[in-house]
Amino acid sequence: MARTKPISAFLFIFFAIFTFSGDGESQSFSRVLSLGAKRLKREKMSHLHFYFHDILSGRNPTAIRVAEAPSTKKSPTEFGIVMMIDDLLTERPEATSKLVGKAQGFYASASQSELGLLMTLNFVFLEGKYNGSTLSMVGRNPVMEEVREMPVVGGSGIFRFARGYAHAKTHWLDPSTGDAVVEYNVYVIHY
Ligand SMILES: *[C@@H]1O[C@H](CO)[C@@H](O)[C@H](O)[C@H]1NC(C)=O
């Protein structure tokens, strides 16, 4: 009988590994579903456009200081300050225009050399089929730049499996109070 050629031995091992590796195997605590079964076959992209009202002043601020470091007051960038927000999202720049959602979370000064915020927040939408669905955004916001891009890392409800990005552009800013209206364009891929 002919010797086993090295190449066939190699192929046998290759197929053995391929066939018996864990891919596609279920465990007692997990199972593998096909995307079709969950109606996750067709991805689409949504573009959302709204205005974000970050109000620090007055009797009903929507952004409040919750923490700072002993050195924050001496820092030109307020390094270390943490603001918790529950900001209105509206269809038009006017705060009285139609409410489409809220931005809930916090932002913090994370740069000592320029105004650079860490943004960690959820957009929760309140309109029609979007009511209750959320998008989670985490990113760096160099607020003095014209357009800041931040990643959208996930979502819930209509936005399950979402990923994408947000472009933030300051529409209006009161330098004395810090109150601002920021225009957001958000592009997300989801099912
Ligand atoms: C959104 O859902 C909440 C409760 O889930 C409901 O009270 C509210 O009326 C809904 N809003 C709209 C605009 O459908």
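When a ligand or atom number is given, it counts from 1 through the structure's own listing order.
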### Task
Would you check if there is a donor-acceptor pair between the side chains of H49 and E91 at a distance under 3.5 Å?
no
### Message
Side chains of T62 and H53: any donor to acceptor distance under 3.5 Å?
### Response
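Result is no, nothing qualifies.
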Indicate whether [atom] is within a distance of less than 4.0 angstrom of some protein heavy atom.
atom	result
atom 5 (O) of ligand 1	no
atom 2 (O) of ligand 1	yes
atom 14 (O) of ligand 1	yes

### Query
So, T134 side chain and N122 main chain: donor-acceptor pair closer than 3.5 Å or not?
no
### Task
Measure the distance from atom 11 (N) of ligand 1 to every protein heavy atom, then report the residue, atom name and distance (to 0.1 Å) of the closest one.
N131 ND2, 2.8 Å
### Query
At a 4.0 Å threshold, what atoms of ligand 1 neighbour a non-hydrogen atom of L126?
11 (N), 12 (C), 13 (C)
### Query
With a 6.0 Å cut-off on ring centres, are F161 and H190 close enough?
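Ring centres of H190 and F161 not closer than 6.0 Å.
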### Query
Looking at Y51, F50, Y165, which one forms a ring-ring contact (aromatic ring centres under 6.0 Å, His included) with Y184?
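In the set Y51, F50, Y165, the residue that makes a ring-ring contact (aromatic ring centres under 6.0 Å, His included) with Y184 is F50.
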